[in-house]
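Residue numbers begin at 1 in each chain, while the letters A, B, ... track the order of the sequences.
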Number of protein chains: 2
Amino acid sequence: MNTSANLVYEQVREMAANFEFKPAERINESELSKKLGASRTPLREAMNRLAAEGLLAFEGGRGFFCQPLNPQLVVHLYELREALEADAIRLATERASDEELAHFQQYLHDIAPRYTDSAPAREIVTLDEEFHLKIANLSGNPELKNMIELTYARIRYVRWISMREKIDITHAAHESIFKPVIARDQGLAVELMRKHIKKSNNEAIETVEKAFSQLYVPRH
Amino acid sequence: MNTSANLVYEQVREMAANFEFKPAERINESELSKKLGASRTPLREAMNRLAAEGLLAFEGGRGFFCQPLNPQLVVHLYELREALEADAIRLATERASDEELAHFQQYLHDIAPRYTDSAPAREIVTLDEEFHLKIANLSGNPELKNMIELTYARIRYVRWISMREKIDITHAAHESIFKPVIARDQGLAVELMRKHIKKSNNEAIETVEKAFSQLYVPRH
DNA sequence: GGACACCATGCTGTATACAATGTTGAGTTA
DNA sequence: TAACTCAACATTGTATACAGCATGGTGTCC
């Protein structure tokens, strides 16, 4: 149902994932609720959900904060992603029907032209997430998929930034990950997925470390 | 801080994990809030967090419900658990210091006497969770640990029931899982952990299926 | 007898008020 | 100048009120 709390939830979720709040910024409830056209009650309900998901931080008596990303947290989230996706592709290789795999291959073929150098980084990240969530869907395990989706939301922002530099290779990588799935080669599928995520992780860490070093440049 | 919403959260979390609500039961907010000595506002905030964690279900316009366990969901949660714990022990084997491992071995030795046939199933489950969460801690990844902890809360109830029949073997299994960790044998540690969880999964599924068959016995 | 409509009741979803706590900044002192 | 005090202010946390929707039961019609 489209309750006000749900609408507010969607909006604030986007805002948090897109880092429209400044890192560690305290979020003013009255102000934000006015901006979103609701009262504080549904806003707080939405923010409680987001805090449980890890997209916002919460401190009793002081309210809600933007959850800042630091290099360590990014490493941890990528490790989580790797654990979840390695098993997702393992299960997908085992369970997906031939028909599902054929559809997937068609999909991969169809979106290829959208991976161009001129595409903005954010769109590439969207396409990349789409690929990975489709794999997660083929695992047939919605709980696994939800966790992966959640983990993506938490690292989306850093991916936007780190994606700027390496657009073209993504689609090729996806194609080579999918090949062993079709061949029902579980071991290779898992291995390639892990490598893919590890590589992406290294780039993301670099991005965050760069941002950190810029942050701490003395100003005077 | 010990805000009322936090206290209510802890209490309702326990109630949900312990299935003190009947499966798929609609939870009456006024009634429950009165019982817990708070108003509906903090109760709803707590339940929003629990719904985000998957411990309660939510339906817009109709409120919060007990999230019922069915055989399929149990399978999915155990798969999630396997994915997370396999990587947790992989990371733990890699990262834990020799000192941490020595402490862990001491801990395993110390709690051995508490695994007796006379111990109630719930205590064995508690000890078992403790073991697995300690491993998760050794991974050095708090995000991974949180997800594991959450997954445990969601399957705790079915484990209480299925544990009744096979108490004695748990501690021995833990010891054999930990051996390759000390030997820094990553492959074997992961393999044993996966097998351990799979076995536990089979028992849990059996429990839920038994419960389901009893539920649907015609009454007249 | 079964299905449907309708009303009374109860419950949820949200706005608002207020108490309690945290925050900020001016003024004071060492 | 730096640190500390304290009071005015801002913000959070919670209770409560109320509108609107869901629910359950009664009566009516087929």
With heavy atoms under 4.0 Å as the rule, sort [X] into base, sugar-phosphate or nothing.
X       : result
B:Arg40 : base
B:Phe58 : sugar-phosphate
B:Ile27 : sugar-phosphate

| In terms of side-chain heavy atoms, does A:Arg49 have a donor or acceptor partner in A:Asn6 at a distance below 3.5 Å? |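 Judged by distance alone, the side chains do pair up.
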| Donor + acceptor pair across side chains of A:Arg159, A:Tyr152 (<3.5 Å) |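 Judged by distance alone, the side chains do not pair up.
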Length of the line joining [X]:[atom1] and [N]:[atom2], which is rounded to integer Å:
X       : N      : atom1 : atom2 : value
A:Glu29 : C:dT16 : CD    : P     : 15 Å
A:Glu45 : C:dA15 : CD    : P     : 11 Å
A:Leu43 : D:dG13 : CG    : C1'   : 14 Å
B:Met47 : C:dT14 : CE    : C1'   : 15 Å
A:Leu32 : C:dA15 : CG    : P     : 13 Å

| query | Given the rule in the salt bridge (charged side-chain N to carboxylate O under 4.0 Å, His left out) test, do B:Arg95 and A:Glu79 qualify, once you have shown the distances and angles that lead to the verdict? | reply | CA-CA 13 Å; B:Arg95 291 186 185 155; A:Glu79 281 173 1; 2.2 Å; yes
| Which residue lies toward the 5' end of DNA chain D, B:Gly60 or B:Ser4, if each is placed at its nearest nucleotide? |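 Its nucleotide being nearer the 5' end, the pick is B:Ser4.
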| query | Within the structure, does a side-chain N or O atom of A:Thr41 lie under 4.0 Å from either OP1 or OP2 of C:dT14? | reply |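 So the side-chain polar atoms of A:Thr41 never come under 4.0 Å of the phosphate oxygens OP1 or OP2 of C:dT14.
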| said: Please confirm whether the shortest side-chain N or O distance from B:Arg62 to OP1 or OP2 of D:dC21 is below 4.0 Å. | reply: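 False: B:Arg62 side-chain N/O out of range (4.0 Å or more) of D:dC21 OP1/OP2.
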| query | A:Pro42 side chain: which of C:dT23, C:dA15, D:dG13 is closest? | reply |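 The answer is C:dA15, which lies nearest to the side chain.
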| message | Quick check: any donor-acceptor pair below 3.5 Å linking the side-chain of B:Ser30 to the base of C:dT12? | response | no
| field | Pi-cation contact, B:Tyr78 with B:Lys198 (under 6.0 Å, within 45°) | value |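 Checked: cation-pi criterion not met.
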